[in-house]
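Written below as structure tokens is the structure these notes are about.
Start at 1 and go down the list; that is how both ligands and their atoms are numbered.
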Amino acid sequence: MIDGKKVLFSGMQATGTLTLGNYLGALKNWVTLSEEYECFYSVVDLHSITVRQEPAELRKRARNLLTLYLAAGLDPQKNCIYYQSHVSGHAELSWILNCFTYMGELNRMTQFKDKAAKHADNINAGLFTYPVLMAADILLYQTDMVPVGVDQMQHLEITRDIAQRFNAIYGDVFTIPEAYIGKAGAKIMSLQNPQKKMSKSDENPNASIYLMDEPDVILRKFKRAVTDSEGQILYREEQPGIRNLLDIYCACTEKNPQEAVKEFEGKGYGELKEAVGETVVSLLKPVQDEFARLSKDKSYLDSIIKENAQKANYYATKTLRKVQKKVGFPERIR
Ligand code: ATP
Ligand code: LTN
């Protein structure tokens, strides 16, 4: 608890341009939750280097991501929006937690298996211990709630296991966090292969809608979206392409699938694609405009970055000192 409010933590990697999946699965919910909770939203750049990055590119993408958090509607006076690398406590706690995590647990992580297969030439130890750093992010702020997409559930579970293990030895040190999965949009699929999740690192640009895509590009990508030959707009597993379009529509409009199916009753796939495209265009337009405006305001952004890093450091240090004491590190002489 901070000032009587429950704590919320989440983060995103600056590994590419954000997709509609990231927006509907995570960022949009962050904004909704930001009034009720004391929120920490981090650009998790320490995580990004588990995959090789070009330094200038990483720096630029990280700044764009932080700007996007603001453009999406997060108020930096009320929410702590900062770079993970500006708070050294993440790496320090991560080391300690590494010593409370088993190889066997990490070996079971599906994201590690996927990424290791994708980057077979660089299966580094950081990629393997990625979930421990994520646990450190969350536990450092005594987080109650973590809004993420479904793909991160396994990481949330290991975070809870690590925290419970630590608490069982040392007493109530960490708050045990809960995951928050939004009702709609928790798993947006690729427009080119509806069996695969939409991902910012997909090589095929037609598979994903990027948050900065121009309206005509968005409409074109939806027009090309892979569907099926059933010819009926129904929300069911056998029609993953159509179901994905309906999921996107529902996540944007906050309608439920039954309402959406009714709305498109008797209509063709072309009409559905166009309607979903238009809905996405108008949802993203204000975010894109605000991003363009904020990007030009260097001194404002810099002041946000500085102030919020200080705030995050304050809370992170509080937990870190407690943990250091519990495990038996010597007290600091002031
Ligand atoms: P990468 O392709 O680099 O692995 P990603 O697109 O999967 O990236 P992450 O940075 O891993 O994105 O995730 C950021 C947030 O977006 C997480 O909360 C994640 O659960 C959510 N998310 C990612 N992809 C989707 C998706 N297709 N549908 C819903 N939520 C998603
Ligand atoms: N692994 C997450 C990003 C992430 C995160 C976190 C999310 C890093 N640390 C802490 C929630 C809480 C991902 O979305 N790929």
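In summary, Lys6 and Glu178 do not engage in a salt bridge, as defined by a charged side-chain N under 4.0 Å from a carboxylate O. Between Glu274 and Lys267, no side-chain nitrogen of the basic residue sits less than 4.0 Å from a carboxylate oxygen of the acidic one, so the salt-bridge criterion is not met. Ion pairing between Lys298 and Asp302 holds under the 4.0 Å rule for side-chain N and carboxylate O. Residues Lys28 and Glu254 are paired through a salt bridge, judged by an N-O separation under 4.0 Å between the basic side chain and the carboxylate. Salt bridge annotation for Glu290-Arg293: present, with a cationic side-chain nitrogen under 4.0 angstrom from a carboxylate oxygen.
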Item to check | Residue pair Lys60, Glu54: steps toward the salt bridge (Lys or Arg N to Asp or Glu O under 4.0 Å) verdict | outcome: CA-CA 10 Å; Lys60 193 167 129 210; Glu54 208 281 299; over 6 Å; no
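Ligand 1 is surrounded by Met12, Gln13, Thr15, Gly21, Asn22, Gly25, Ala26, Lys115, Val148, Gly149, Asp151, Gln152, Gly185, Ala186, Lys187, Ile188, Lys197, Met198, Ser199, Lys200, Ser201, each with at least one heavy atom closer than 4.0 Å.
The aromatic rings of Tyr141 and His90 sit tilted relative to each other, their planes meeting at an angle between 30° and 60°.
Residue-environment remark: CD (Glu259) exceeds the threshold of 12 foreign heavy atoms within 6.0 Å.
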Report each N/O pair between ligand 2 and the protein that falls under 3.5 Å, naming both atoms.
{"unit_1": "ligand 2", "atom_1": "1 (N)", "unit_2": "Tyr130", "atom_2": "OH", "d": "2.6"}
{"unit_1": "ligand 2", "atom_1": "1 (N)", "unit_2": "Gln152", "atom_2": "OE1", "d": "3.1"}
{"unit_1": "ligand 2", "atom_1": "9 (N)", "unit_2": "Asp137", "atom_2": "OD2", "d": "2.6"}
{"unit_1": "ligand 2", "atom_1": "15 (N)", "unit_2": "Tyr130", "atom_2": "OH", "d": "3.3"}
{"unit_1": "ligand 2", "atom_1": "15 (N)", "unit_2": "Gln152", "atom_2": "NE2", "d": "3.2"}

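The only option from Trp30, Tyr83, Tyr82 that meets the ring-ring contact (aromatic ring centres under 6.0 Å, His included) definition with Tyr41 turns out to be Trp30.
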